[in-house]
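Structure first, then comments.
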Amino acid sequence: MTQVDLNKLDAEQLRNLVAQLMGSAADQKQQLQTFQQRTVTAEQRNRHLEAVNAKLSHELLLLRRLKFGKHSEKLSPLQQSLLEDIIDADTSAIEQEWADQIEDEPISNKPKAQPKRVALPAELPRTKIRHEPDNTQCQCGCQLKRIGEDVSEKLDYTPGVFSVEQHIRGKWVCTECETLTQAAVPVHVIDKGLPTTGLLAHVLVAKYADHLPLYRQEQIFGRAGYPLARSTLADWVGRCGQALQPLADALRDTILSHSVVHADETPVPVLEPGKKKTHRAYIWAYCTTPYADTKAVVYDFAPGRAGEHARRFLDGWQGKLICDDYSGYKASFGQGITEIGCMAHARRKFFELHETNKSTLAATALEQIGRLYEVERQAKPLDPQQRYLLRQQKGKPLADDLHTWLIAHRQKVPDGTATAKAIDYSLKRWSALTRYLGDGAVPIDNNQVESQIRPWALGRSNWLFAGSLRSGRRAAAVMSLIQSARLNGQDPYAYLKDVLARLPTHKASAISELLPHNWQPEAAVKF
């Protein structure tokens with residue numbers, strides 16, 4: 001700027017110079033304010049981008065840890081073979097339903113072509129089981145004379161070895177009145193069927209507990225010396241599933257007789273009719289609590305995840321439902337059902353945050369939640385009243401401290417971050433999460449049902465998809481019985497073998513006697 005000698009300026013020039021300098025200062029002030037405003041905006045934007053970057057980094061690391069698999073809906077040749085198994089099983093189940101409906105209708109006199117069964121190989125070991133009349137005295141007073149016998153054979157299987165049961169029914173005749181007496185044909189879950197109940201139980205357990213598709217079982221049986229076609233195995237599965245459905249229905253009624261129930265759901269691919277692709281169906285699981293006297297779980301197969309499926313299953317039931325934050329359960333909470341939150345879900349949010357970002361805040365939260373679980377370990381062997389008192393004495397103060405800590409740290413965390421979401425999950429559901437403190441019969445989390453739903457996740461990787469709603473419901477019924485048997489310390493094979501043998505003659509009014517938690521094996525009688 002040019003130096004100006006003020007002594008040489010007149011009054012007008014001095015006034016103009018002062019005005020010029022004041023205008024320049026105002027411009028500089030305005031420029032400074034603009035720069036400061038831009039700086040604040042840039043800092044806010046930078047913080048926002050940092051939060052978004054942290055969120056995306058957290059999600060990326062989480063996805064990598066979970067290692068999601070493929071979601072292709074293209075049918076491979078293996079899937080086609082699985083579909084054929086399912087269609088055969090569905091057809092057999094439908095035929096069994098029709099047979100039950102027309103059982104009392106007049107039978108046509110028109111002769112039917114009877115399929116001829118291929119004789120079982122002579123080299124298979126045979127066990128002879130004789131069926132003779134209890135009394136060999138004729139009603140006329142004469143002694144019956146044995147004139148022959150009928151022999152029927154059933155295929156039995158123990159892992160790796162086939163054998164044959166020969167059922168020998170002696171024929172006894174009275175020489176005076178020519179009356180023929182013979183022991184009744186043993187009743188079987190598959191009328192005039194080839195397999196023993198032991199073989200049927202083995203196929204069901206292998207498919208639904210060991211997750212071996214029928215095409216694999218076909219190969220295993222072939223190596224054992226007697227190939228069984230997949231269509232034959234599918235027929236047995238369909239008929240057994242239909243026969244076992246009343247037990248699954250009774251199991252549902254048993255679970256809903258309790259005032260506290262766990263609930264969870266998991267997706268299962270199901271084939272769309274007429275299309276070579278799958279859509280997402282769901283298995284809903286319901287079970288009793290670890291504190292209940294009855295140990296049982298029942299699965300409900302539904303075409304979707306809409307809340308109407310949970311409401312249909314729970315229709316008329318009023319109690320305390322332990323579940324996650326899924327909105328499908330919300331409509332039920334206004335109809336006499338009390339929501340119980342899952343502390344394990346709240347803990348999982350902080351665990352994932354700690355695993356991906358090594359967050360010290362998450363570590364502190366995990367430590368405080370761990371203290372609540374330590375109280376639960378002490379309370380586990382107690383009765384409900386003692387458990388309630390211990391929770392009030394030790395658990396409630398810890399929960400109050402955790403709540404205060406969460407509120408304080410939420411104010412320090414920017415919105416939209418993974419940390420904020422983890423804290424918000426707990427704060428928004430705090431009443432439901434801590435409701436267990438007021439009832440000694442309610443567990444702290446939903447882990448009981450989550451452990452019961454894991455077999456479905458393993459099954460998905462083996463049988464890939466459900467072929468129809470019918471096959472999904474059949475699988476849900478059989479797996480309900482198998483998993484409930486496991487919960488009660490029963491061998492699923494021994495349980496199903498005995499139940500399939502007793503079902504045909506068991507009274508419908510006493511069906512609860514065959515449920516896994518009530519089951520007592522009868523003396524071994526081979527059919």
Side-chain angles (χ1 to χ4, degrees), residues 43-66 68 262-266 305 307 310 320-334 337-373 375-376 391 395-438 442-447 449-450:
E43 290 177 351
Q44 292 175 344
R45 179 176 176 80
N46 185 52
R47 284 196 296 270
H48 172 71
L49 291 176
E50 287 179 349
V52 172
N53 182 58
K55 174 178 175 291
L56 294 176
S57 298
H58 170 74
E59 292 177 352
L60 177 60
L61 292 171
L62 183 60
L63 289 173
R64 286 178 177 174
R65 190 172 66 84
L66 295 177
F68 287 131
H262 291 272
D264 198 10
E265 73 288 334
T266 191
R305 202 187 182 195
K320 297 181 179 181
L321 188 68
I322 310 164
C323 57
D324 57 23
D325 196 30
Y326 173 51
S327 59
Y329 301 108
K330 300 299 182 183
S332 300
F333 299 145
I337 296 178
T338 303
E339 178 187 13
I340 305 295
C342 174
M343 189 64 73
H345 275 77
R347 181 188 181 280
R348 195 169 299 147
K349 302 295 182 183
F350 292 106
F351 176 78
E352 292 170 352
L353 184 65
H354 183 263
E355 284 292 297
T356 55
N357 297 330
K358 304 303 178 186
S359 167
T360 55
L361 185 146
T364 304
L366 290 174
E367 182 180 351
Q368 295 195 53
I369 294 175
R371 296 193 188 105
L372 291 174
Y373 273 91
V375 174
E376 291 307 300
R391 286 172 173 176
K396 192 175 184 304
L398 293 174
D400 292 340
D401 291 344
L402 175 60
H403 190 223
T404 302
W405 182 85
L406 289 172
I407 293 174
H409 282 78
R410 179 61 184 90
Q411 299 172 356
K412 304 176 184 178
V413 179
D415 294 340
T417 61
T419 304
K421 289 184 177 181
I423 295 177
D424 287 343
Y425 181 90
S426 295
L427 291 178
K428 290 177 180 178
R429 306 196 71 233
W430 191 252
S431 294
L433 288 173
T434 56
R435 203 162 277 149
Y436 79 97
L437 293 170
V442 176
I444 188 174
D445 56 36
N446 208 25
N447 287 349
V449 73
E450 288 189 4

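Being a predicted model, the structure only gives us computed values, none of them experimental. Just so you know, residue 1 is the first one in the sequence shown, and it goes up from there.
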#### Entry: Derivation of the salt bridge (charged side-chain N to carboxylate O under 4.0 Å, His left out) call for E355 and K349
CA-CA 10 Å; E355 284 292 297; K349 302 295 182 183; over 6 Å; no
### Message
So D324 and N446, do their side chains get closer than 4.5 Å, heavy atoms only?
### Response
no
### Query
Taking the side chain as C-beta and beyond, is there a heavy-atom pair between H403 and L427 under 4.5 Å?
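Sidechains of L427 and H403: in contact.
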### Task
State which residues pass side-chain contact (heavy atoms from CB on, under 4.5 Å) with L366; sequence neighbours excluded, sorted by chain then number.
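By the side-chain contact (heavy atoms from CB on, under 4.5 Å) rule, L366 matches R347, F350, F351, H354.
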### Message
Just to verify, what does L402 make a side-chain contact (heavy atoms from CB on, under 4.5 Å) with, not counting sequence neighbours?
### Response
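Checked L402 against side-chain contact (heavy atoms from CB on, under 4.5 Å); matches are Q368, I369, L372, W405, L406, W430.
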Which pairs of donor and acceptor atoms, one on a side chain in residues 337-345, lie under 3.5 Å apart (sequence neighbours left out)?
| from | atom 1 | to | atom 2 | distance (Å) |
| --- | --- | --- | --- | --- |
| E339 | OE2 | K330 | NZ | 3.3 |
| E339 | OE2 | R429 | NH2 | 2.2 |

Set of residues satisfying side-chain hydrogen bond (donor to acceptor under 3.5 Å, both in side chains) with respect to [X], sequence neighbours excluded:
{"X": "Y373", "answer": "D445"}
{"X": "R410", "answer": "D415, D424"}
{"X": "Q411", "answer": "none"}

### Message
Quick check for you: to the nearest 0.5 Å, what is the distance between T434 atom OG1 and D400 atom CG?
### Response
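It comes to 8.5 Å.
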### Task
Kindly compute the distance separating CZ (F333) from NZ (K320), expressed to the nearest 0.5 Å.
13.0 Å
### Task
Say whether, by atom type as modelled, one donor and one acceptor occur between the side chain of T364 and the main chain of T360 under 3.5 angstrom.
yes
### Query
Are the side chain of D264 and the backbone N or O of C323 linked by a donor-acceptor pair below 3.5 Å?
no
Which atoms form the tightest heavy-atom contact between [X] and [Y], and what is the distance?
{"X": "A420", "Y": "P414", "value": "CB-O, 3.4 Å"}
{"X": "A263", "Y": "L321", "value": "CB-CD1, 3.7 Å"}
{"X": "S359", "Y": "A362", "value": "OG-N, 3.1 Å"}
{"X": "L433", "Y": "S426", "value": "CD1-O, 3.7 Å"}

### Query
Any Lys/Arg nitrogen of R371 or E367 sitting under 4.0 Å from an Asp/Glu carboxylate oxygen of the other?
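Yes, R371 and E367 are salt-bridged.
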### Task
Please say whether the positively charged group of R305, taken as NZ for Lys or CZ for Arg, lies over the ring of Y326, i.e. under 6.0 angstrom from the six-membered ring centre and within 45 degrees of the axis.
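Cation-pi check for R305 and Y326: passes.
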